[in-house]
Amino acid sequence: MVPRVRFAPSPTGYLHVGGARTALFNWLYARRHGGAFILRIEDTDVERSSAEMIDGILDGLRWLGLDWDEGPEVGGPHGPYFQSERLDRYRQAVGRLVAEGRAYYCYCTPERLRREREFAEQRGEAWQYDRTCLTLSPERIAELEGGGARRAVRFKVPLAQTAFDDQVHGRIEFDASHVEDFVVLRSDLHPTYHLSVVVDDVDMGITHVIRGDDHISNTPKHLLLFEAFGAEPPVFAHVPLILGADKKRLSKRHGATSVTEYRQQGYLPGAMVNFLALLGWSPGDDSELMPVGELVVRFSLDGISGGNAVFDTTKLDWMNGQYIATLPVEALTAAVDPLLAAADLAPTAEMIAPDTSTGGPWLHRLLNLLRPRAKRLTDFVELARPFLVETVEYEAEAVVKHLSSPDIGDHVATLAAALGTLEPFDEAQVEAMVRATASARGIKAGALIHATRVAVTGRTTSPGIFEVLVLLGKTRSVARLERLVGFLGRRT
RNA sequence: GUCCCCAUCGUCCAGAGGCCUAGGACGCGGCCCUUUCAAGGCUGAAACCCGGGUUCGAAUCCCGGUGGGGACGCCA
């Protein structure tokens with residue numbers, strides 16, 4: 001049997017990291033077993049759904065690389081994949097339930113039900129629908145209908161014991177007496193969630209339902225509906241929830257919760273996928289860094305753990321750094337380029353021109369130098385700034401820390417002169433010259449190096465200074481050293 | 001309140017009766033490398049929620065407690 005799984009988001013918000021992980025698990029399962037990953041939009045709540053949210057969710061999935069086999073934009077044999085376009089189907093299914101006596105019309109007003117619930121809550125009790133409308137006399141019904149009363153449809157929950165073998169929790173049993181006669185069709189003729197999921201899962205031939213833990217208590221309702229429709233229920237796997245640092249359900253107040261935000265913050269989709277996969281799942285050994293292809297091969301439902309997981313971005317940062325470290329330089333350049341442009345640091349044509357003598361475009365060499373120092377793509381902007389501006393700004397701290405010695409200007413001037421005639425201008429030669437100059441002037445190499453760093457980057461920190469000098473090239477390096485000499489001269 | 005799920009280092013996971021003196025990763029401390037910052041290497045501190053069972057033997061099985069989470073809508 002070819003597995004068919006689905007991700008069924010409700011477009012009432014952006015793609016949440018919890019939703020993204022649910023989608024990922026479904027996708028991994030489908031790809032692992034050569035099955036189909038179906039995307040279905042649960043937009044039956046017209047009040048809260050919007051086209052903008054749908055686009056956001058689709059974008060988020062695409063960014064993560066979770067492609068769907070059936071669903072919006074790609075279509076498929078079981079469409080439509082928007083629940084808002086399947087209303088007739090739901091009404092038909094409900095009609096069948098009513099005809100078979102498995103469901104009944106309910107004329108109770110939402111106000112009355114709400115009051116009942118509030119009373120019960122005040123008494124510290126749970127309240128279940130009292131089945132008022134199950135036993136209405138034909139006369140009373142005629143009266144209500146004649147009066148134009150709005151009616152919803154409720155499922156008549158049978159006296160039963162429901163049970164299922166959850167793939168992550170094992171056997172879970174529920175007594176249906178704890179389930180009230182829930183509404184399946186609202187008075188505005190829109191189906192409720194419970195009805196539409198089951199109808200669609202049956203229609204779309206879903207074999208495995210992988211969803212959040214919060215749906216465990218809904219499962220009995222769904223099981224009852226599958227039974228009422230005479231359909232075989234799918235296999236269920238309820239994955240634990242993602243919590244914030246305070247162990248509360250992850251929400252806005254914990255910081256970024258949508259994948260779009262993480263994208264904007266400079267995270268790589270591969271890192272995000274790897275990180276999310278490890279939240280609540282493990283391959284069974286100590287593997288951590290697994291590209292998506294490996295995740296696909298190793299994914300299994302029984303590797304999903306039962307407890308909730310705290311979303312800790314510290315580890316995500318580390319993982320992102322690992323992915324940045326190994327990203328092909330072309331891809332890295334493409335990812336960083338728009339960020340540089342946005343910061344008014346757009347690389348020039350010469351910077352990206354192929355350079356056979358040095359093994360690659362100048363920009364590639366720069367990014368490779370910066371790479372181990374970046375945790376997020378956005379870090380590259382500040383890291384690269386000194387290399388992409390014409391004149392660097394000297395940070396006050398750097399000036400105080402490394403340019404206080406009275407003779408430092410002379411030392412730098414000497415170095416500038418020496419480097420100006422250096423040939424070839426490569427790392428070994430530059431290093432030898434810097435050290436020789438320091439030695440000849442009777443100062444520590446470190447002192448000269450620090451001053452040089454301030455001259456060429458304006459900062460106290462940078463990649464290795466010899467690499468930096470070579471990358472900048474002789475002309476620019478010397479010019480920057482000389483400019484510092486001028487700066488110091490003016491200062492004193 | 002009722003029902004359900006869960007419970008190993010601060011965090012994410014490994015562990016499915018003896019392999020556990022409880023392993024890995026992030027983070028944190030130290031050391032090394034070193035011109036700075038990173039990266040990298042080595043290393044240290046850090047946990048089986050509590051109480052009863054079962055068993056020759058329990059982190060692993062059972063029961064209870066406690067704690068955390070979830071669900072109880074004409075939301076999904």
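Chain letters run A, B, ... following the sequence lines, proteins first, then strands; residues in each count from 1.
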Taking pairing as Watson-Crick or G-U wobble with both contacts under 3.5 Å, can you name the mate of B/rG73, or confirm there isn't one?
none

Here the distance between atom P of B/rC13 and atom CG of A/Leu278, to the nearest Å, is 8 Å

Just name whichever nucleotide pairs with B/rA14, Watson-Crick or G-U, keeping both distances under 3.5 Å, else none.
none

Check: A/His364 main-chain N/O paired with A/Asn368 side-chain donor or acceptor under 3.5 Å
yes

Should A/Arg123 and A/Glu121 count as an ion pair when the cut-off is N to O under 4.0 Å?
no

If you measure from the P atom in B/rG15 to the same atom in B/rC3, how many Å do you get, rounded?
32 Å

Identified pairing partner of B/rU21, criterion: Watson-Crick or G-U wobble below 3.5 Å:
none

Is A/Glu118 reaching over with its side chain to a backbone N or O of A/Leu113, donor-acceptor style, under 3.5 angstrom?
no

A/Ser187 (side chain) and B/rC74 (base): donor-acceptor pair under 3.5 Å
yes

Side chains of A/Asp302 and A/Gln167: donor-acceptor distance under 3.5 Å anywhere?
no

Starting the side chain at C-beta, find the nucleotide from B/rA76, B/rC13, B/rA39 nearest to A/His215.
B/rA76

Quick one: A/His169 NE2 to B/rC6 C1', roughly how many Å, whole number?
8 Å

Rounded to whole Å, please give me the gap between CG in A/Leu403 and C1' in B/rU36.
14 Å

Counting side-chain heavy atoms from CB outward, which of B/rC26, B/rC4, B/rA39 is closest to A/Pro372?
B/rA39

Rounded distance in Å between the P positions of B/rC9 and B/rU60:
14 Å

Let's test your reading of the model: under 3.5 Å, does the base of B/rU35 pair with the side chain of A/Arg453 as donor and acceptor?
yes

Length of the line joining A/Asp286:CG and B/rC9:P, which is rounded to integer Å
16 Å

